[in-house]
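Contents: one structure, followed by commentary.
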Amino acid sequence: MTSYAGRLGMWLAHEQWKLEQASYGIPARQATPKQCAELAGVLQRLSDELRDYAAGLAFGGGHPPESGSIDPDEFRKRGDAE
């Protein structure tokens, strides 16, 4: 089983390419409203998880949480559907 930190890292890596696409698609006016809204939602969820992770490091004696709300299959399913 992959640790919480491992799942968070995989999620960050998975979403990195979407951020890169958006960084070109938005200025070129090629990004659709749906793509922008979906990316905003992903970034919000990722931001929440990163805050929880940081709090675990800061207030958990330097140890990140061992479990969190990251579903390791969520981003894979979403990525496969696109």
Side-chain angles (χ1 to χ4, degrees):
M1 178 179 218
T2 305
S3 71
Y4 174 74
R7 292 190 314 270
L8 183 57
M10 288 187 314
W11 192 14
L12 284 164
H14 185 267
E15 301 306 333
Q16 179 181 0
W17 74 271
K18 288 185 180 179
L19 287 171
E20 289 181 26
Q21 285 183 318
S23 72
Y24 294 104
I26 290 171
R29 297 182 188 263
Q30 296 173 340
T32 67
K34 180 180 177 184
Q35 289 170 327
C36 292
E38 287 175 355
L39 183 58
V42 168
L43 291 175
Q44 183 63 52
R45 289 191 306 275
L46 188 53
S47 175
D48 293 343
E49 291 293 337
L50 284 170
R51 272 192 209 91
D52 290 347
Y53 184 78
L57 289 174
F59 301 111
H63 299 287
E66 288 302 316
S67 64
S69 60
I70 299 172
D71 175 2
D73 293 324
E74 175 189 355
F75 58 88
R76 287 190 203 112
K77 289 176 191 172
R78 203 172 13 83
D80 291 342
E82 293 176 338

*Under a single-linkage rule joining Ile, Leu, Val, Met, Phe, Trp and Tyr whose side-chain heavy atoms are separated by less than 4.5 Å, which residues share a cluster with Tyr24?*
none

_Connected-component partners of Leu43 among ILVMFWY, side-chain separation under 4.5 Å_ = Leu19, Leu39

_Listed partners of Arg29 passing salt bridge (Lys or Arg N to Asp or Glu O under 4.0 Å), at least two apart_ = none

*Looking at residues at least two apart in the chain, or sitting in another chain, which of them share a side chain to side chain contact (heavy atoms under 4.5 Å, CB included) with Thr32?*
Lys34, Gln35

*If you round to the nearest 0.5 Å, how far is CG of Leu12 from CG of Leu46?*
5.0 Å

*Is a salt bridge present between Asp48 and Arg45, judged by a nitrogen-to-oxygen distance below 4.0 Å?*
no

*Cys36 and Ala31: which non-hydrogen atoms are nearest, and at how many Å?*
SG-CB, 3.8 Å

*Of the non-hydrogen atoms in Tyr4 and Asp52, which two are nearest, and what is the gap between them?*
OH-CB, 4.2 Å

*Using the test side chain to side chain contact (heavy atoms under 4.5 Å, CB included), find all partners of Gln30 that sit at least two apart in sequence or belong to another chain.*
Ala28

*What distance separates Glu20 CD from Lys18 NZ, expressed to the nearest 0.5 Å?*
13.0 Å

